[in-house]
Amino acid sequence: MLVSRADGVLTGGRIVETEAYLGQGDPGSHAATRGITKRNAVMYGPPGCAYVYFTYGNHHMLNLVTEEEGTAGAVLVRAIEPQLGTDEMVRRRGARPMHELANGPGKVAQALGLDLRDNGSVLGVGRVAVFDAPPPSEPVAVSGRIGLTAGHERTLRFYLEGDEHVSRGRTGPRRTARLTDLKDEARAGDARRWKDDA
DNA sequence: ATAGCGATTGACT
DNA sequence: GTCAATCGCTATA
């Protein structure tokens, strides 16, 4: 559950689509180039913070920092299922079908009223908060990330299979799995990474 | 100081 | 399916 209290109004919903962005070695990441810059600094900061950036001259993107301080890593929230403050979300986004209020990363930030002021804010302390929720009943689909220049693709996009609130997009190759299995895979990957580092 | 570009969207063919 | 809008960040001079 993702919740915003921008403008003193609570808005939010269930996260239904995400993409992972790593640090060095992930050419699609803002942290791809070695070193901290003014923009990507928050990605290197402590986990549990919001990394918000501005792109294409119009759109804000909300990421959740995931890795320990000193290691770049964040999850881009690409879509949510509106559940809280939907009337305010309609006011911010314009009259649209419910499933088009936040079915894209730029739309998520707009619907939640977020902007660069939220960059670096601590989840639950600033205007953005994330709460645990029951695991989804739908299978989780895994595909390549959207919108990256060729050669930057990695299968790091995760979304709820068949959910109407997921962004439209060229999916490409895709597989589905249970959430518990994906978590097992992630843990195995972490173990492999630690072993390699050692 | 500044050219080039982008983790997109919305309108249009 | 194509395409323009739009501006902060990054890299280069």
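Scope of the values below: all heavy atoms of this structure, side chains included, with no hydrogens, waters or symmetry mates. Numbers restart at 1 for each chain; the letters A, B, ... are given by sequence-line order, proteins then strands.
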May I have the distance from [X] (atom [atom1]) to [N] (atom [atom2]), rounded to whole angstrom?
X        : N      : atom1 : atom2 : value
A:Tyr21  : B:dT8  : OH    : C1'   : 11 Å
A:Asn58  : C:dC7  : CG    : C1'   : 8 Å
A:Asn103 : B:dT8  : CG    : P     : 13 Å
A:Phe54  : C:dT10 : CZ    : C1'   : 16 Å
A:Leu101 : B:dT9  : CG    : C1'   : 15 Å
A:Met61  : B:dT9  : CE    : C1'   : 9 Å
A:Asn40  : B:dA7  : CG    : P     : 13 Å
A:Ile146 : B:dA7  : CD1   : P     : 13 Å

request  = State whether the distance check finds a donor on one side and an acceptor on the other, under 3.5 Å, for side chain A:Tyr53 versus base B:dA7.
outcome  = yes

task = Between A:His59 and A:Leu116, name the one whose nearest nucleotide on DNA chain C is closer to the 5' end.
result = A:His59

query = Quick one: do A:Arg178 and A:Asp184 make a salt bridge, cutoff under 4.0 Å?
reply = no

inquiry  = Tell me whether A:Arg168 is salt-bridged to A:Glu17, with the criterion being a basic N under 4.0 Å from an acidic carboxylate O.
reply    = no

query = Looking at A:Tyr21, is A:Arg145 sitting on its ring face, NZ or CZ under 6.0 Å from the six-membered ring centre and within 45 degrees of the normal?
reply = yes

Just N and O in the side chain of [X]: are any of them under 4.0 Å from OP1 or OP2 of [N]?
X        : N     : answer
A:Arg39  : C:dG8 : no
A:Thr55  : B:dA7 : no
A:Arg168 : B:dT8 : no

task = For A:Ser4 and A:Leu112, indicate whether the former's side chain and the latter's backbone hold a donor-acceptor pair under 3.5 Å.
result = yes

The side chain of [X] lies closest to which of these nucleotides: [options]?
X        : options               : result
A:Arg93  : B:dG6, B:dG10, B:dA7  : B:dG10
A:Met43  : C:dT10, B:dT8, B:dA7  : B:dA7
A:Lys107 : C:dT10, B:dG10, C:dA5 : B:dG10

query = Which base sits across from C:dA5 as a Watson-Crick or G-U pair, both distances under 3.5 Å?
reply = B:dT8

ask   = Which atom names give the shortest non-hydrogen contact between A:Leu114 and A:Arg127, and what distance separates them?
value = CA-NH2, 4.1 Å

